[in-house]
Amino acid sequence: MDRKAPIFATLGCRLNAYETEAMKDLAARAGVDDAVVVNTCAVTAEAVRKARQEIRRLRRENPNARLIVTGCAAQTEPETFAAMDEVDLVLGNTEKMQPESWRNMVPDLIGETERVQVDDIMSVTETAGHLIDGFGTRSRAYVQVQNGCDHRCTFCIIPFGRGNSRSVPAGVVVDQIKRLVNRGYNEVVLTGVDLTSWGADLPMTPKLGDLVLRILKLVPDLPRLRISSIDSIEVDEALMQAIATEPRLMPHLHLSLQAGDDMILKRMKRRHLRDDAIRFCEEARKLRPEMTYGADIIAGFPTETEAMFQNSLRLVEDCGLTWLHIFPYSPRPGTPAARMPQVKGQAIKDRAARLRQAGATAVRHHLDAQVGRDHLVLMENPRMGRTEQFTEVHFDCDRPEGAIVPARILSAGATGLRA
């Protein structure tokens, strides 16, 4: 009988996608076949609902395969998935990265393994960032440098899915990136759950900026280094120095802001206030005038009044934000925010829509400002690439995939540019 390669479905963040690539390798080495693996997300209640929906769909399409559920939702509520008739095995976030978990599946998935394998994530002290040399398209690779989070924001369940913060040593990261550059990658993105906490658990407690400067110094052939989502209040002096002096560090930062009202920020248990966010954006843009910002903002957090929401809405302009990720608030059982007075569902929807409209206006202004300018564009496919600020650029004829090409911007569309 022909062996069928496992099917992998990934929900949620870039880190999940990174870990799926590692699991593919682990499963292949162990000889696992005819299995479906669902790597879940737990960031919102809606994410968990989508995970259950995806599991049911994949079971219908693969009635005879062994179905394995892992990821953050499996870690935080294993009983939810163990109770589903469609599920054969629930695997925790630590267990999914261990070779023995996959080797144990081969003889007899149900007969020789426990149906739920989820240990205490808080006891984990190392991250498995060395398992694969990045993943991505032919143009861009993602490298995990950190996992977990030591903070306890009142709306967030992710620390209970990922555990406490732990860092990949700088030497391991640099060696990975050297190998990626030797394989032809022109851009590397550093990823993690709480990226600016990198180094706190390492000897001498280095900072993220130290890692960035070390990468740029020791991998001189890397054309572009990009940072994924950061907490602006934790940005260190070395990272600000890199922003000011290193053209190979891309002028695009995605900020975990969440709100623009001080009372809501306190109730979220964030570590910054509104003025801190504005000050950071102004300082970074002074150092690097072409800097663009993305941001996560939650609409309708518990107790949020219309006046408080207006402060978040004004933050888009006050910080000069461009790329917005808007999250309509939904309560996560087990979090402090779920026990706070909730905002009505229709108000949450309306506020999310107004934030998205503000985001669309900001994108429009950014795109219009690029017309007539010259950009270096990293080609993601033969007809589309991205500028250093991560703006999409479309071409009328093919360019080499993975190459960095100069381009004069001719016009702006609704979501991208044309060269």
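- A side-chain donor-acceptor contact under 3.5 Å links R332 to the backbone of A42.
- Counted by atom type alone, R314 and N311 present one or more donor-acceptor pairs between their side chains at under 3.5 Å.
- No side-chain heavy atom of V37 sits under 4.5 Å from any side-chain heavy atom of I7.
- Formation of a donor-acceptor pair under 3.5 Å by the Q342 side chain with backbone atoms of M340 is found in this model.
- E283 has no carboxylate O lying under 4.0 Å from a charged side-chain N of K286, or vice versa, which leaves the two without a salt bridge.
- Looking at every heavy atom in both residues, N16 comes nearest to K96 through OD1-NZ, 3.7 Å.
- Closest approach of Y293 and A284 over heavy atoms only: OH-CB, 3.2 Å.
- Formation of a donor-acceptor pair under 3.5 Å by the Q146 side chain with backbone atoms of D194 is found in this model.
- When the shell of 6.0 Å around CD of E237 is examined, it contains 12 or fewer heavy atoms from other residues, nucleotides or ligands.
- For the residue pair H252/R226, the side-chain donor-acceptor check at 3.5 Å is satisfied.
- In terms of modelled atom types and a separation under 3.5 Å, the side chain of N62 and the main chain of L58 share a donor-acceptor contact.
- Shown here is E317, whose CD atom has no more than 12 heavy atoms of other residues, nucleotides or ligands within 6.0 Å.
- Shown are I230, V235, L239; of these, the side chain to side chain contact (heavy atoms under 4.5 Å, CB included) with L253 is made only by I230.
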(message) Let's go through D210 and R214 carefully: what are the C-alpha distance in whole Å and the side-chain angles of both, what is the deciding distance for salt bridge (Lys or Arg N to Asp or Glu O under 4.0 Å) to 0.1 Å, and is it a yes or a no?
(response) CA-CA 6 Å; D210 299 320; R214 186 166 177 179; over 6 Å; no
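- Minimum heavy-atom separation, G372 to R408: O-CD, 3.3 Å.
- Here the CG-CG distance, from L195 to L208, works out to 5.0 Å after rounding to the nearest 0.5 Å.
- Distance check, rounded to the nearest 0.5 Å: CG of N164 to CG of N147 gives 10.5 Å.
- Side-chain N/O atoms of S256 and S229 include no donor and acceptor closer than 3.5 Å.
- Of the N and O atoms on the side chains of Q389 and T292, not one donor lies less than 3.5 Å from an acceptor on the other residue.
- Within the structure, salt bridge (Lys or Arg N to Asp or Glu O under 4.0 Å) contacts touching residues 249-267 (residues at least two apart or in different chains) do not occur.
- In plain terms, the two heavy atoms of Q75 and N93 that are nearest each other are OE1-N, 2.9 Å.
- Within the structure, ring-ring contact (aromatic ring centres under 6.0 Å, His included) pairs that include any residue of residues 216-243 do not occur (at least two apart or interchain).
- For C153 against R271, the heavy-atom pair with the smallest separation is SG-NH1, 4.5 Å.
- Without hydrogens or angle criteria, E95 side chain to T70 main chain gives no donor-acceptor distance under 3.5 Å.
- To the nearest 0.5 Å, atom CG of residue D276 and atom CD1 of residue I233 are 4.0 Å apart.
- Under a 3.5 Å cut-off, the side chain of R274 and the backbone N or O of G260 do form a donor-acceptor pair.
- The shortest heavy-atom contact between V168 and Q144 is CG2-O, 3.6 Å.
- Under a 4.0 Å N-O distance rule, the pair D368/R364 qualifies as a salt bridge.
- Side-chain atoms of S228 come within 3.5 Å of backbone N or O of L190 as a donor-acceptor pair.
- Contacts of R59 classified as salt bridge (Lys or Arg N to Asp or Glu O under 4.0 Å), with partners at least two apart in sequence or in another chain: D88.
- For the atom pair Q310 CD and R351 CZ, the distance stands at 9.0 Å (nearest 0.5 Å).
- A salt bridge is absent between R224 and E388; no separation between the charged side-chain nitrogens and carboxylate oxygens falls under 4.0 Å.
- In summary, the side chains of T391 and H366 do present a donor paired with an acceptor at a separation below 3.5 Å, with no hydrogens or angles considered.
- Side-chain atoms of H151 and D231 include no donor-acceptor pair closer than 3.5 Å.
- Of the possible polar contacts, none joining the T303 side chain to the P341 backbone as a donor-acceptor pair under 3.5 Å is found.
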(request) Could you walk me through whether K24 and E21 pass salt bridge (Lys or Arg N to Asp or Glu O under 4.0 Å), step by step? (result) CA-CA 5 Å; K24 287 179 182 177; E21 295 303 308; 3.4 Å; yes
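- Of the charged side-chain nitrogens involved, none lies within less than 4.0 Å of a carboxylate oxygen, so that E86 and R56 do not count as a salt-bridged pair.
- Side-chain contact, S197 with S165: a donor N or O sits under 3.5 Å from an acceptor N or O.
- Using a 4.5 Å cut-off on side-chain heavy atoms (C-beta onward), L324 and R356 make no contact.
- Under the 3.5 Å distance criterion, the side-chain polar atoms of S101 are left unmatched by any main-chain donor or acceptor of M97.
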(request) Apply salt bridge (Lys or Arg N to Asp or Glu O under 4.0 Å) to E54 and K50, showing your working. (result) CA-CA 6 Å; E54 182 74 354; K50 285 183 177 176; over 6 Å; no
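- Here the OH atom belonging to Y329 is positioned 8.5 Å from the CD1 atom belonging to I348, to the nearest 0.5 angstrom.
- Side chains of Q370 and H375: a donor-acceptor N/O pair is present below 3.5 angstrom, by distance only.
- Contact annotation: the side chain of Q258 approaches that of R270 to within less than 4.5 Å [non-hydrogen atoms, C-beta and beyond].
- A salt bridge is absent between D396 and R383; no separation between the charged side-chain nitrogens and carboxylate oxygens falls under 4.0 Å.
- Both tests pass for R152 against the ring of F160: distance under 6.0 Å to the centre and angle within 45° of the axis.
- Expressed to the nearest 0.5 Å, how far CZ of F155 lies from OG1 of T335 amounts to 9.5 Å.
- Side-chain contact between L257 and S232 is present, with at least one heavy-atom pair separated by less than 4.5 Å.
- Two residues are said to be in side-chain contact when any heavy atoms from C-beta on lie closer than 4.5 Å; R52 and M84 meet this criterion.
- By the 4.5 Å heavy-atom criterion applied to side chains, H272 and F280 are not counted as neighbours.
- Without hydrogens or angle criteria, E282 side chain to C319 main chain gives no donor-acceptor distance under 3.5 Å.
- Using a 4.0 Å cut-off between a side-chain N of Lys or Arg and a carboxylate O of Asp or Glu, R288 and E290 qualify as a salt bridge.
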